[in-house]
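Worksheet: the structure to be examined is printed underneath.
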Amino acid sequence: MFAWSTHQLTEYFTAVNASVDEVVAIAVAVERATEMLEAEAGAVVFGDVVQGAWGFGADVPVKGLLAVAQVPGTLTVPGVGDLYAVPSGLGAALEGALVVARLEMPFEPEERQMLQGMAQVLGVALRSIRVLRDERTLRADREREATERLILLEQAQNRQRLVETLLTIQRAISNRKPLPEILDAVTSGTAALLEGAPVALILAEGGNGRRLSVASTSGADGYSLADPDSSHTEAREAMATAKVIIRPVNPHDPSRGMVIAIPVRVTGELAGSLVAQLPDAADQREQLAAFAQQVSLALTDARTVEAVRETHHDPVTGLPNRSLFLKIFNRVLASRQAATEPTSVLFIDLDRFKAVNDSLGHEAGDQLLGAVAGRIRACVRASDTTARLGGDEFAVLLHNSPVEAAASVGERVIAAIREPFRVQERDIFIGASVGVAITRAATANSDTLLSNADLAMYRAKKEGPGKVVVYEPHMHTEALNYLSLRTDLQRALQEGEFRLQYQPLVRLDTGEIAGVEALVRWHSPARGLVSPVDFIPIAEESGLIIELGQWVLETSAAQVAAWRRVSPDLTLNVNVSGIQLVHPRFAANVTRALAVAGLPSSAVTLELTESVLMSDPGAAVASLASLRELGVHLSIDDFGTGYSSLAYLRELPVDELKIDRAFIARAELTGEDLALVRTIVELGHILGLRVVAEGIENAAQLEALRRLGCSYGQGFHLCRPMNSADLPQALLRGSLTAPNSIHP
Ligand code: C2E
Ligand code: MG
Ligand code: MG
């Protein structure tokens, strides 16, 4: 019969999670899994690749392993015989399986479950190793990009200086017309000057061999310079020698006139030639040279504009970036017919983009952004300006557009983005929220308008996905209000605006109430009920959490001490912020609070979130150890939200583990999700911890957790947090009779 040692299992978790390298993690996992399941051999199989094969000797039966990685079966190993082999998947994001093979006995269901748990742990470890590795390469890429951008910026600054000089010389010729028009203007101007003589502008294309092509022609027909054979020889020669070339059209017939070719440069480099056919070239040479000069300037200008465009554009989407957007915006505001034309701006923020970027990687993220940019542009007029402000934020400037029109453009954008995107052969669903700001005032300021649209977008986000909200002045007031929250919070403690609610911790096997968790509430006269999720971070920032935390501790300790006169075994859980934990007088404050309340320290559990403990595990171990000397218990709250934790768990002096709600929400689903929760529950038990499942919301979850052997639970399905006066007496006597009760 299968009997696994707790020691081995703990070792497995720790060893696999301590590996910094995929190969090592796999080797460690295979070796230990094989050993623990008393198997002969094992391996990990990804697609058609076998890794970390162990126990097969020199001849790894690759074909056989690939087969049993899909379905359990017989694995024939030369020299050993036929083995029973079972696979277990490494989890959804990894197309791989951990396989073990045993000679004597088939695997029992418990052993397969065990294997599943071990495969899951390996999967989690591999995923976190990959995330770390990806982050490292990403960082290297970013550094390289930053250097490249610096070089580009320097080049752009040089070009910018050039452009400024050129723009003054060239206003007449360019007038910001498209390049072909400018070139046509040059050739037709030349032709006119030369009394209708044929003129061609021949330019070298980039790349090897520098093929020549005719960019523009003008003037009389008859002898066509557009014919490569007739003009390219001279053009090529003018380019090659950087000299004016003059040659008879036909050496045997002087009456046919001369061909003259003048080199054209772009940013100093020879790029082509202006070619004309004339009766007598000598006279016209100067004018032609002057025109060639103009072509050079126009081409240089065009290319410079292009380069500047690149640095003012977002490389991912090709849209203008924030600084160019604001420039355009300012120009529009300045040139507007005062106070008549409304100008509006849309601030667009994508919903769920971060999730896609995190799960599919940043290449997919970039593709998606490019596609989003295209859809937004398809929703607006060509004359409107679309920009990417950064991250997943876009903006659109709508000219002469009243508020209804702007809002309906916003709706259109949202509808367009809601349609699935095809990225890397997957359908991806995201959404968008849109804020609109509009002005008619002649004095409007682009920064203010954009930030008003931003405020409106925040409001849209709050109202739910896929909303358009038009900015109204009160939103500005609300933003200011948010800032004053801090001030109010400071006063709230003196004014006695905080209250406590208590949520029972229930023994899942008997339905008995073991204790209560104190949860703080702020009843603000101005704001109503404010959630701790909103004000605890602000209290932490301002340091108020020290005083507030002490109040919570003192008040809840006194309350539980009073309840214990009826229910002597009732215990208290109190949430403690990381700021409190590192405060030098924290231990002394806890001691004092409990002494005043007359509550024994053994009845108290302090809850710390996993993220606080993991941000500096070394320091956490030290402060936890000193707290534990007081006799209080310690708990890890929201457990499972950080990956690296399993390996440290053994070193932290804690007594309780609260599995985060997110896991419990999935616990009623598939076997795979269940295996992960099971792993945590078993791990907790192996380490001798009290395991509490948080956020049990329905009977199915409750049932699943009881089956997994989880001993304690908390959640709306069992009992919501309640005011001290409402906590029914029955509850305090230790049985749940509320509608959501458990029937053991
Ligand atoms: P937490 O310590 O993990 O507390 C559990 C939270 O989940 C509570 O939210 C509780 O009302 C909620 N909850 C309980 N059962 C269910 C359920 O079945 N479904 C759902 N969806 N939620 C459930 P609450 O009271 O809003 O507190 C949020 C967080 O604020 C707490 O999370 C804790 O981290 C923090 N907090 C609350 N009171 C204090 C305090 O006195 N001091 C400190 N530092 N933090 C506190
Ligand atoms: Mg808690
Ligand atoms: Mg929690």
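Just so you know, ligand 1 is whichever comes first in the structure, and atom 1 is the first atom listed for that ligand. All values below come from the heavy atoms of this structure, side chains included, with hydrogens, waters and symmetry mates left out.
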Can you tell me how far the [atom1] atom of [X] sits from the [atom2] atom of [Y], to the nearest 0.5 Å?
{"X": "Leu599", "Y": "Leu570", "atom1": "CG", "atom2": "CG", "answer": "9.0 Å"}
{"X": "Leu652", "Y": "Asp655", "atom1": "CG", "atom2": "CG", "answer": "11.0 Å"}
{"X": "Ser577", "Y": "Leu548", "atom1": "OG", "atom2": "CG", "answer": "9.5 Å"}
{"X": "Ile430", "Y": "Arg418", "atom1": "CD1", "atom2": "CZ", "answer": "11.5 Å"}

Heavy-atom nearest neighbour of atom 42 (N) of ligand 1 within options Asn575, Leu500, Asn573: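 Selected option, by shortest heavy-atom distance: Asn575.
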Give the single entry among Arg720, Arg661, Glu540, Glu607 that approaches atom 12 (C) of ligand 1 most closely by any heavy atom.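 Looking at heavy atoms only, the winner is Arg661.
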So, does [X] use its side chain to make a donor-acceptor pair with the main chain of [Y] at under 3.5 Å?
{"X": "Asn698", "Y": "Ala700", "result": "yes"}
{"X": "Arg706", "Y": "Leu508", "result": "yes"}
{"X": "Glu393", "Y": "Leu389", "result": "no"}

At less than 4.0 angstrom from any non-hydrogen atom of [X], what atoms of ligand 1 do you find?
{"X": "Val533", "answer": "28 (C)"}
{"X": "Gly695", "answer": "16 (C), 17 (C), 18 (O)"}
{"X": "Arg521", "answer": "11 (O), 24 (P), 25 (O)"}
{"X": "Gln503", "answer": "14 (C), 15 (N)"}
{"X": "Gly715", "answer": "15 (N), 18 (O)"}
{"X": "Asp638", "answer": "3 (O)"}
{"X": "Glu694", "answer": "3 (O)"}
{"X": "Asp637", "answer": "1 (P), 2 (O), 3 (O)"}

Relative to the Mg ion (ligand 2), which of the N, O or S atoms in Glu607 is the closest?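 In Glu607, the N, O or S atom with the shortest distance to the Mg ion (ligand 2) is OE1.
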Among the N/O/S atoms of Asp637, which is closest to the Mg ion (ligand 2)? Give the atom name.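 Checking each N, O and S atom of Asp637, the shortest distance to the Mg ion (ligand 2) belongs to OD2.
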Any Lys/Arg nitrogen of Glu554 or Arg592 sitting under 4.0 Å from an Asp/Glu carboxylate oxygen of the other?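 Judged by the 4.0 Å cut-off on N to carboxylate O distance, Glu554 and Arg592 do form a salt bridge.
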With heavy atoms under 4.0 Å as the rule, classify the contact between Val552 and ligand 1 as side chain, backbone, both or neither.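 For Val552, only side-chain atoms sit under 4.0 Å from ligand 1.
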2.8 Å cut-off met by an N, O or S atom of Asn575 to the Mg ion (ligand 2):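 Yes, Asn575 qualifies, because one of its backbone or side-chain N, O or S atoms lies under 2.8 Å.
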Verify the distance test for Glu517 against the Mg ion (ligand 2): any N/O/S atom under 2.8 Å, yes or no.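 Checking Glu517: at least one N, O or S atom is under 2.8 Å.
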Judged by non-hydrogen atoms, does Pro721 sit under 4.0 Å from ligand 1?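 So Pro721 counts as touching ligand 1.
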Glu656-Thr605 side chain donor-acceptor pair, cut-off 3.5 Å: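 Side-chain D/A pair, Glu656 to Thr605: absent.
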Measure up the Trp522 and Phe535 rings against each other and bin them: parallel (under 30°), tilted (30 to 60°), perpendicular (over 60°).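 Ring orientation, 0 to 90° scale: perpendicular.
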Taking distance alone, with N or O pairs closer than 3.5 Å, would you say Val520 contacts ligand 1?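 Such a contact does occur with ligand 1.
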Hey, does Glu517 come in under 3.5 Å of ligand 1, counting only N/O atoms on both sides?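 N/O-N/O distance below 3.5 Å exists for this pair.
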Only one of Arg720, Glu694, Gln714 passes side chain to side chain donor-acceptor pair (under 3.5 Å) with Gln503; say which it is.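 Looking at Arg720, Glu694, Gln714, the match for Gln503 under the side chain to side chain donor-acceptor pair (under 3.5 Å) is Gln714.
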